[in-house]
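Just so you know, these numbers come straight off a predicted model, no measurement behind them. Below, all heavy atoms of this structure are taken into account, side chains as well, without hydrogens, waters or symmetry copies. In what follows, chains carry the letters A, B, and so on, assigned in the order in which the sequence lines appear, proteins first and then strands, with residues in each chain numbered from 1.
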There are 2 protein chains.
Amino acid sequence: MYLPVVAKILGVLLMLFSILANLPSVLVSWIYRDGEITSFLYAGLITFLVGFAMWLMTCRANKEMRTRDGFLIVTLFWTVLSTFGALPFWISPDVPLDLTDAIFESFSGLTTTGATVITGLDDLPKSILFYRQQLQWLGGMGIVALAVAVLPMLGIGGMQLYRAESPGPVKNDNLVPRLKETAKALWYIYLGLTVACALAYWAAGMSLFDAICHSFTTVAIGGFSTHDSSMAYFNSDVINMIAVLFMFVAGINFALHFTAWQRRSFIQYLKDPETRFYTGILGLVAAFTILVLYFTDTYNAKDSLVHGLFQTVSVATTTGYATANFDSWPLALPYLLIYSSIIGACAGSTGGGMKVIRILLIIKQGFREVKRLIHPNAIISVKLGRDLVPDRIIESVWGFFAVYVLVYLALLIVLLAMDIDVVTAFSAVGACLNNLGPGLEGVAANYGDLADPAKWVLCLAMLLGRLEIFTLLVLLMPMFWRR
Amino acid sequence: MYLPVVAKILGVLLMLFSILANLPSVLVSWIYRDGEITSFLYAGLITFLVGFAMWLMTCRANKEMRTRDGFLIVTLFWTVLSTFGALPFWISPDVPLDLTDAIFESFSGLTTTGATVITGLDDLPKSILFYRQQLQWLGGMGIVALAVAVLPMLGIGGMQLYRAESPGPVKNDNLVPRLKETAKALWYIYLGLTVACALAYWAAGMSLFDAICHSFTTVAIGGFSTHDSSMAYFNSDVINMIAVLFMFVAGINFALHFTAWQRRSFIQYLKDPETRFYTGILGLVAAFTILVLYFTDTYNAKDSLVHGLFQTVSVATTTGYATANFDSWPLALPYLLIYSSIIGACAGSTGGGMKVIRILLIIKQGFREVKRLIHPNAIISVKLGRDLVPDRIIESVWGFFAVYVLVYLALLIVLLAMDIDVVTAFSAVGACLNNLGPGLEGVAANYGDLADPAKWVLCLAMLLGRLEIFTLLVLLMPMFWRR
Ligand SMILES: [K+]
Ligand SMILES: [K+]
């Protein structure tokens, strides 16, 4: 560990972030004349100066960065940026958030969780709304780079599989090798999807402002909206279906998008076992949800279809937009949807949850165990498509699953000890750890009623979810800090 | 699969069970003149005749039994015996149970779960009470044989580890090799513990009847009582501490008891990593519980100590006796205790839960994964005491953990879909799957208020827990039924 180098990188990131996050909002504020220009200028200036100071003090440090330092940099990247991202919420006189709430909202934004403590979104200054949406978009950019390039380098994350030495469905050499270029290539796709999504929303009747704002949080699988009633505000089946399409696409591995784009070949998607399984799960859950909604007379046929499909895709991809209050749906549907958010989106996407590939491997390995009982001496291997999955990868998937469950149970009991009811606690932990956003009951729409300590715990949950838990766990090991 | 052989074995077991289960109760009924003799005679006769008929039709089948048939026999053993075990509850005019309730009570007895649908225990005929307690004792006998001898033969269960080819803490050749003799040796220990427990209870002031009845369900980690208020009825610290001692001892691996007894060496316990970890967990949870109870002014110092220790040991070993309504304890203590029942007792004991050894291995493997991230190229092995744990064992532990979590979530959502509230559903699934007994809220003391379908689901949960899930899963694979 060579801390000056870490501090130097962080300083540069902060300077970059101060401009990327605040300058567009200054522009928006100037366009709408909503009087928030100073808030963003102050926030940007403070962030820039802190970053500059860090850089100035450490710019002479140029020791080689080791892979291991990555754990600390990634963790600090999200924590420090989320903290400074809270500044506009805290500074602006028009946003009634104290420091805890401002930080919660900012964490929720940059981790693309989408849990909010704000009510009365519709009355907020446009530039603040824009800033909030853009936080998720920037977070999504970070996640794409993190999931596809950085975490696999550290040996963490569902994308690991694709980097294994055995031939995986997307081979390592298909990605532009160096981190920077990989990230750039993926960001072009990310940007392209965002523009397409914004244009589609606009064409379907959203205002240009809302179209841009919602394209940010659709492609980032973030779920923040500029309206308290979320997507229900627009009351348009066309807009809902556009959202479904783009949420679905954003939930697919961006490395796969890249390959498909590079080869101009749609068949890449059909050949990918994770994408197939992802589509299958979404289809099954949506079909079940729609049928239950219809046969329990919750909605008429058309609304059952629209709400069932929309909410399934929204929750299962961990976006978290709402067209209906699914928490009051019958027959344990709310829990079914929370379950599907635990599965989450594909590895290498902007979505959260455990990631489809891990669930797929756990199921395959579970079947292998049962088969082994029937034929104790047979050698049974786990395959993904036509490729053998090395035991080492399967072990790391088990490890993730166990740690995920333990962290879930630990966070749950901490919230329960704060006298939060079980439904609220269970769903809040799930919604934050899976970077989903909305939960059930006490946190169905809004996290504002929770006590401050609970909000801090949930910030930790969002961070754990976003950094695939292990990044943070590593930092807790004394072994990590030894030379 | 050669079904006649399976039917033949089952027939013999039924005949044996008809006598073992019903004859002692006939005697008790005769002593107390409580008018239940005919109930038990009828029940015994029906069971015997069915068993005899099965045997008669298949006695000529004497094809060699294969290991694989064991899955079916074990599953049928518990299912069929539990069904016939329900007869006295159903026949007796003094027990107000319909068929579902009778079967639930019988499953709960033979699986040593201890969940009850009966209220007004204190007013029931003595022989019925005795029968109920004895069901758990017989169940415990079956479990000891199952866990130590049968399941490892099938490749299932926490005891597997002790049968691995690598030198384990308790070596295979320490146990009398053949199944029958192993079982007999363990049953002597089981019987010895029961007698010691009964004498201790009696000496501490229980009536002889209550002493015998409660020794049955203490050593079986069953938790049925002859009083609605369970152990609280006796209101005696001495009795409570005797119960704590024997629950603790019954929660230790019986194979280890056997080794320790054979070698007359107490040090065997201290050398066993599972027993050490088991003691450590109990100590930690008890200490935390006692401190919370005291500092939240829930009880005075002495009562905090007694109730805290008793409920921790009772719930964590999955016995389920009650001296206090722990479901109303503060600061998430009820959930902490339910969590500790998920860990459960040691493999090879009469207790339930996931078994301490599995949790120990999962934690060790979790640490290995984190260490591997820090030193990607180091070869890090998992050790238990001084012995290496083979990867194959670790894989089966992961497999169990994943399947356990998935089954838990599946049963939970089924109960939620039946409109049962989350606390009740969550704790009922836990209490039945871990063979614990009492849950929280709607099932804190009694399962009588649940609808019939829910009771059937929970019977399945008890069976899944008792048969370590995989025994049943194997039967669901088409592969199993192929020749
Ligand atoms: K989200
Ligand atoms: K029990």
Side-chain angles (χ1 to χ4, degrees), chain A residues 67-68 71 154-156 292 330-336 339 342 362-363 365-376 391-392 394-403 405-406 409-410 412-419 421-423 425-426 440-441 470-471 473-474 476-477 479-480 482, chain B residues 67-68 71 154-156 292 330-336 339 342 362-363 365-376 391-392 394-403 405-406 409-410 412-419 421-423 425-426 440-441 470-471 473-474 476-477 479-480 482:
Chain A
T67 312
R68 209 208 270 185
F71 295 102
L154 302 178
I156 287 178
V292 170
L331 220 87
L333 282 185
Y335 296 94
L336 181 71
Y339 279 12
I342 293 176
I362 285 171
I363 290 173
Q365 164 72 4
F367 271 104
R368 172 160 80 161
E369 282 300 315
V370 178
K371 283 181 192 161
R372 271 178 171 168
L373 291 173
I374 301 174
H375 298 298
D391 277 355
R392 184 66 199 77
I394 294 180
E395 277 174 30
S396 81
V397 171
W398 288 129
F400 181 84
F401 182 70
V403 167
V405 172
L406 295 180
L409 290 176
L412 177 60
I413 208 160
V414 169
L415 290 194
L416 289 173
M418 292 173 182
D419 251 339
D421 73 280
V422 182
V423 182
F426 173 78
L440 307 174
E441 229 147 90
F470 274 103
T471 315
L473 277 193
V474 165
L476 297 180
M477 301 282 287
M479 192 194 240
F480 176 79
R482 266 179 238 136
Chain B
T67 311
R68 211 208 271 185
F71 295 101
L154 302 177
I156 288 180
V292 170
L331 220 86
L333 283 185
Y335 296 94
L336 181 71
Y339 280 11
I342 293 175
I362 286 171
I363 291 174
Q365 166 70 7
F367 272 105
R368 174 161 78 161
E369 282 301 316
V370 179
K371 283 179 192 163
R372 271 178 171 169
L373 291 174
I374 301 175
H375 298 298
D391 276 355
R392 184 67 197 78
I394 294 180
E395 277 175 28
S396 80
V397 171
W398 288 129
F400 181 85
F401 182 70
V403 168
V405 172
L406 295 180
L409 291 177
L412 177 60
I413 207 159
V414 170
L415 290 193
L416 290 172
M418 292 174 183
D419 251 340
D421 72 279
V422 182
V423 182
F426 173 78
L440 307 174
E441 228 146 268
F470 275 102
T471 314
L473 277 193
V474 165
L476 297 180
M477 300 282 286
M479 191 195 239
F480 175 78
R482 268 179 238 137

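With rounding to the nearest 0.5 angstrom, the CG atom of B:Leu416 is 11.0 Å from the CG atom of A:Leu336. Note: B:Phe367 CZ to A:Met477 CE = 5.5 Å, rounded to the nearest 0.5 Å.
Counting all heavy atoms, side chain and backbone alike, A:Ala417 lies closest to B:Ala332 at N-CB, 3.5 Å.
For chain B, the option among A:Leu409, A:Leu473, A:Val422, A:Val403 with the highest count of heavy-atom pairs below 4.5 Å is A:Leu409. The choice from B:Asp419, B:Leu415, B:Ile413 that makes the most heavy-atom pairs within less than 4.5 Å of chain A is B:Ile413. Note: A:Lys371 leads A:Met418, A:Arg368, A:Lys371 in heavy-atom pairs under 4.5 Å with chain B.
At a 4.5 Å heavy-atom cutoff, the contact between B:Tyr335 and chain A is made by backbone and side-chain atoms alike. Contact annotation for A:Val405: only side-chain heavy atoms (C-beta onward) come within less than 4.5 Å of a heavy atom of chain B. Only the side chain of B:Ile362 comes within less than 4.5 Å of a heavy atom of chain A; its backbone N, CA, C and O stay farther away.
Partners of A:Phe426 according to the ring pair (Phe, Tyr, Trp, His ring centres under 6.0 Å) rule, which considers only residues two or more places apart in sequence or in another chain, are A:Tyr408. Legend: residues meeting side-chain hydrogen bond (donor to acceptor under 3.5 Å, both in side chains) with B:Asp421, ordered by chain and number and at least two apart, are B:Thr424.
The aromatic rings of A:Trp398 and B:Trp398 sit parallel, their planes meeting at an angle under 30°, below the 60° perpendicular limit.
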